[in-house]
Amino acid sequence: MKSEPAAFGIDDLARAPQRTAAWDGVRNYQARNMLRDEFRPGDRAFFYHSSCGEPGIYGTVRVVRGGHPDPTAFDPAHPHYDAGSDPTDPRWYQVEVRLLRRFARPVLLEVLRKHSEGPLRRLLVLRRGNRLSITPVTDDEWNFIHHLARERPE
DNA sequence: GCCAACGTTGGC
DNA sequence: GCCAACGTTGGC
């Protein structure tokens with residue numbers, strides 16, 4: 001799951017009450033479908049920092065609440081407001097995540113790329129032109145990236 | 001700031 | 001449905 005740390009980074013999640021926050025503001029239909037249909041409580045995800053000095057994976061989160069309507073879409077004062085989203089037929093969805101682990105050594109994009117011909121050859125974040133903010137990760141990729149981070153996979 | 005890549009919009 | 005124009009993403 002990607003986020004720009006200037007907007008919401010892993011440290012913001014670490015400071016949040018119960019280290020839990022809504023993953024809101026997603027305004028892409030493909031990502032929306034994953035939030036709405038595929039996320040389940042207990043699922044885990046990497047927390048990726050994008051559009052920043054050192055893009056990469058900074059830790060992991062656990063889903064504590066599955067897909068439900070994103071209330072920021074209905075708030076005219078909110079930057080992610082969508083006038084076209086009908087509250088009786090919500091267009092945008094969010095999940096709630098809790099910080100699982102903040103990596104002592106983040107796995108930077110440049111390090112991930114070193115394995116783009118090997119164990120991470122299918123990692124969508126490394127695919128040219130990929131702009132999806134939420135992408136699936138296989139168990140093997142999960143384990144390998146923990147290895148790169150010198151972390152025991154959870 | 002640049003630019004490639006992609007998604008969305010809207011005229012036709 | 002096509003496609004040009006435009007906006008956004010995101011690495012560099």
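Here is how names work: the chains are called A, B, and so on, in the same order as the sequence lines, proteins then strands, and each is numbered from 1.
Checked by atom type, the side-chain pair A/His68/A/Gln94 shows a donor-acceptor distance below 3.5 Å.
For A/Arg127, the side chain to side chain contact (heavy atoms under 4.5 Å, CB included) partners at least two apart in sequence or on another chain are A/Leu124, A/Asn130. With sequence neighbours excluded, the residues forming a side chain to side chain contact (heavy atoms under 4.5 Å, CB included) with A/His78 are A/Thr72, A/Asp75, A/His80, listed by chain and number. Applying the side chain to side chain contact (heavy atoms under 4.5 Å, CB included) criterion to A/Asn143, with sequence neighbours excluded, gives A/Pro153.
Sorted by residue number, the list of members of residues 68-76 of chain A with any non-hydrogen atom under 4.0 Å from DNA chain C is empty.
Between A/Arg32 and A/Asp70 there is no salt bridge, since no side-chain nitrogen of the basic residue lies less than 4.0 Å from a carboxylate oxygen of the acidic one.
The aromatic rings of A/Phe46 and A/His146 sit tilted, their planes meeting at an angle between 30° and 60°.
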Study note, to complete from the structure: In B/S/- notation (B base, S sugar-phosphate only, - none; protein heavy atoms under 4.0 Å), nucleotides 1-10 of chain C written 5' to 3' is ------BBBB
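Contact annotation for A/Arg27: no contact, since no heavy-atom pair falls under 4.0 Å across all strands.
Taking the side chain as every heavy atom from C-beta outward, A/Leu148 and A/Leu120 approach each other to under 4.5 Å.
Put simply, CG on A/Leu108 is 13 Å from C1' on C/dG11, counting in whole angstrom units.
The salt bridge (charged side-chain N to carboxylate O under 4.0 Å, His left out) analysis of residues 140-154 of chain A, with sequence neighbours excluded, yields the pairs A/Arg101-A/Glu151, A/Arg101-A/Glu154.
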